[in-house]
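Since the structure comes first, as structure tokens, the remarks are kept for the end.
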Amino acid sequence: MSDKVYQLNDVVQMKKAHPCGENRWKIIRLGMDIRVKCEGCGHSVLIPRKKFETKMKKVLEHAEEPTN
């Protein structure tokens, strides 16, 4: 398993930048596949979890925990 811990709404950095030049991606869906949205142009991509874990470099921002 991966030692990188990520969750929904985290902002992550990938090993390669998006063609628009941005390298910040927000996780907007978790499951067998992970959907990430480019913080620069807003384009979203669906990536298989295994491929996402190899291509993710690090978590830049963790999502805030909901407080009631």
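As a basis for the values below, the full set of heavy atoms in this structure was taken, side chains included, without hydrogen atoms, waters or symmetry mates.
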Legend entry - Trp25 to Val36 - nearest heavy-atom pair and separation: CE3-CG2, 3.5 Å

Legend entry - Shortest non-hydrogen contact between Ile47 and Phe52, atoms and distance: CG2-N, 3.6 Å

Do [X] and [Y] come close enough that some side-chain heavy atom pair is under 4.5 Å?
X: Tyr6; Y: Glu53; answer: yes
X: Gln13; Y: Met56; answer: no
X: Cys20; Y: Cys38; answer: yes

Can you measure from [atom1] ([X]) to [atom2] ([Y]) and round to the nearest 0.5 angstrom?
X: Asn9; Y: His62; atom1: CG; atom2: NE2; value: 13.0 Å
X: Leu60; Y: Asp10; atom1: CG; atom2: CG; value: 9.5 Å
X: Leu46; Y: Lys51; atom1: CG; atom2: NZ; value: 11.0 Å
X: Met32; Y: Arg49; atom1: CE; atom2: CZ; value: 8.0 Å

Inset, instruction - State plainly whether one hydrophobic cluster holds both Val45 and Ile27, where clusters connect Ile, Leu, Val, Met, Phe, Trp and Tyr through side-chain heavy atoms under 4.5 angstrom apart. - result: yes

Legend entry - hydrophobic_cluster_shared for Leu8 and Val59, side chain cutoff 4.5 Å: yes

Legend entry - Pairs touching residues 19-37 that satisfy salt bridge (Lys or Arg N to Asp or Glu O under 4.0 Å), sequence neighbours left out: Arg24-Glu61

Legend entry - Donor-acceptor under 3.5 Å (Asn23 side chain, Met14 main chain): yes

